[in-house]
Amino acid sequence: MGRRSRFVVPSAAAAALAVLLQLLARSPHAAVAADPPFTCGAGAPPNVAFCDRWLPVERRADDLVSRLTVEEKISQLGDQSPAIQRLGLPAYKWWSEALHGVANAGRGIHLDGPLRATTSFPQVILTAASFNPHLWYRIGQVIGVEARAVYNNGQAEGLTFWAPNINVFRDPRWGRGQETPGEDPTMTGKYAAVFVRGVQGYSMAGPVNSTDLEASACCKHFTAYDLENWKGVTRFAFDAKVSAQDLEDTYNPPFKSCVEDGHSSGIMCSYNRVNGVPTCADYNLLSKTARKDWGFYGYITSDCDAVQIIHDVQGYAKTAEDAVADVLKAGMDVNCGSYVQQHAASALQQGKITEQDINRALHNLFTIRMRLGLFNGNPKNNRYGNIGADQVCTQEHQNLALEAALDGIVLLKNDANALPLSKPKVTSLAVIGFNADNATTLLGNYFGPPCISVTPLQALQGYVKDTRFVAACDSAACAAATIPEAVGAASSADSVVLFLGLDQNQEREEVDRLDLTLPGMQQSLIESVANAAKKPVVLVLLCGGPVDVSFAKTNPKIGAIVWAGYPGQAGGIAIAQVLFGEHNPGGRLPVTWYPQDYTRIPMTDMRMRADPATGYPGRTYRFYHGPTVYNFGYGLSYSKYSHRFVTKGTKPPSMSNIAGLKAMATSAAGAGAVSYDVEAMGDETCERLKFPALVRVQNHGPMDGRQPVLLFLRWPNATDGSGRPASQLIAFESLHLKAMQTAHVEFEVSPCKHFSRATADGKKVIDQGSHFMMVGEDEFELSFMA
Ligand SMILES: *[C@@H]1O[C@H](CO)[C@@H](O)[C@H](O)[C@H]1NC(C)=O
Ligand SMILES: *[C@@H]1O[C@H](CO)[C@@H](O)[C@H](O)[C@H]1NC(C)=O
Ligand SMILES: *[C@@H]1O[C@H](CO)[C@@H](O)[C@H](O)[C@H]1NC(C)=O
């Protein structure tokens, strides 16, 4: 099962590729597995409440905590929690990773056999480009299943996964932007909710009626974390200055959605400070905003060594004991690292914390382990106990990895139908660039060993027998390039495809970029190759963050540009299928591609809104109106599509029909303008204001394809000082349409949620006057008048 890949490949290429895939496929599992670690089996004390699976987990957790000595309690406050033998508790490792597939990057997961590989999906930024929540949900589901399989095989010491990464991709230079769903808070929030639901074993939407967890997800990094190391300012030392307005409508919405809609069982507080306060030591953020206002039910971990830096790097806490007290009193539960385990006893001695503070944290921690079913005796007899090794790297899971790569890939330029390539016509192919034949680069970061590994070069060799490869440089740095060799290959080939962009040496955790241009000799290489080629060349960019390829956009010798992110284990095959027209690309950029000039603004400036007085341009499509290389939401296809609002006459319920609304009007919008306080309107009024928006989408051919439908709201007066975004994505859906097919998609529009804006002090208001909904080129005006 799952040993051999059976991707759909064109018949002529199939034989060659099938042989290749067999050679490359790893065996994901081999031998018989050990029992997973668990509590309350044969060795458990008799008749203890914490082992009674019919009692509420809250009571069971309290019972367990009440049986622990102070030393035992303190031992459980780090990510590596040791066994407590006298109660039959095995060790537990809180830190596991599953950003885009179950990974062995943390401490809890061991892929060193019998299971040695898991399904490796594209890096998140590419998956996001599909704008397809159902795809995101199914990826989460696969992670939940494969996580259980690994655990049931005795290769996991924990089931708490520190994914997804849902910080808004605020600055194009951010080294970890690749891990996120992009720059839009609504989209990021949607990704968070459905991914978490998939991982945790919940339905994609609707009520969650069980607190059981298949695996535990964790939304990170709470909050305003999106800088690694920029010109010596590190994430450890950085104090993010964030306005109430930006926090309310940019930095926090993904976390709110993750908690309220996704029912995430975990949150990670970040390294950075926000307005002077380390997030892990911020009672308002952790206990008030997350737990009380959003109803968070789960555990809060620190990022790794984030408690230590509160004292050692930030100097926010005067002593180690103060740091421990700050985080425990703020509502953090477990420390990634051993700092709290080391200093909690002296903090207790010095009276800086009470045993009650520790009990509070332990209650949350043991509740999670119980919700995972780890205190119910041998989990093989439990709800998820029958998920075996044969459910890892299944055909279905691997097909989903291919689907994600196919649906994420974005066609940025396609002059004179340079693409798709025609297989019979391409008699020889020159493949040029270091990113064509590096299987590791395809995986981005935070990955586990993939079920299969096929590079773009290997996949293309299955299409064109006469394929010549020149790497030209050995990495994205491309300090020196063998340009003459590349030019030689290009000039003698029928078609030329270049694979360039970035790799993990340019953008990764702890490494932000300084420039947006392609590094080193890449541009010269591309231009020399394009000049030498018989016809316009194809440029495939593998990178997570955006690059300034203005030179390629305007160069007629570069016929097509394709962005393929870091496309995961099936990425090589997906790229080949797109290039040869077996798949119609439909991905859209989830981030703005800025010109190099954008790097003149400091990465440390957290302001989202532009400040024309000082020349600060603002950030993301919502607030930045300067020149771009490519816009958020941009992406071409081999087909033409059209979008229209249906029933133009339909009006939403008028605000004037809502009794008492006038009384809620405030004058926050400025001189003469009227706006309504959303909180004062209340849930019932907001419910009554909801209305459907129906959109008709047509594929005018010539190919079948997937088309994301993006619904935006536009405000005419974005520059009136109110701080409104010029436009804002409010809903999206991905549709598959056959050539010439028409379909309708219905969005539920909630004016309270979708038409409101955040005021300077972080309050949500709806302005009286015109609001415009946009889809494609069509617009629909809505007027709110009291
Ligand atoms: C949750 O409720 C839905 C609908 O009421 C039901 O179909 C589903 O089986 C329930 N799930 C659990 C885990 O009880
Ligand atoms: C593949 O790329 C990675 C960086 O993404 C690099 O570390 C590694 O050395 C490369 N492998 C080869 C064989 O070039
Ligand atoms: C936008 O500004 C114009 C002119 O200043 C004004 O007439 C109009 O009412 C404003 N619209 C809204 C929605 O505030």
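First listed ligand is number 1; within each ligand, the first listed atom is number 1.
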Subject >> Criterion salt bridge (charged side-chain N to carboxylate O under 4.0 Å, His left out) against R619, the qualifying member of D184, D171, D226 >> reply: D171

**OP:** Decide if atom NZ of K190 counts as having more than 12 heavy atoms of other residues, nucleotides or ligands within a radius under 6.0 Å.
**Re:**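 Open.
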
Original post:
Above 12 or not: heavy atoms from other molecules or residues under 6.0 Å from CD of Q596?
Top reply: yes

Original post:
Considering all protein heavy atoms, does one lie under 4.0 Å from atom 10 (C) of ligand 2?
Top reply: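 Yes, there is one.
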
Subject >> Heavy-atom protein contact below 4.0 Å for atom 14 (O) of ligand 2 >> reply: yes

Subject >> Atoms in ligand 2 flagged as close to Q504, the criterion being non-hydrogen separation under 4.0 Å >> reply: 5 (O)

**OP:** Can you figure out which of N505, D437, N438 has its heavy atom closest to atom 2 (O) of ligand 2?
**Re:** N438

Subject >> Identity of the nearest option to atom 4 (C) of ligand 2, non-hydrogen atoms only, from N435, T441, T440, L542 >> reply: T441

Original post:
Using 30° and 60° as the class limits, which term best fits the ring planes of F195 and Y191: parallel, tilted or perpendicular?
Top reply: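 Rings of F195 and Y191: parallel, as their planes differ by under 30°.
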
Original post:
Checking ring pair (Phe, Tyr, Trp, His ring centres under 6.0 Å) against Y594, which of Y630, Y624, F632 comes through?
Top reply: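 Passing option: Y624.
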
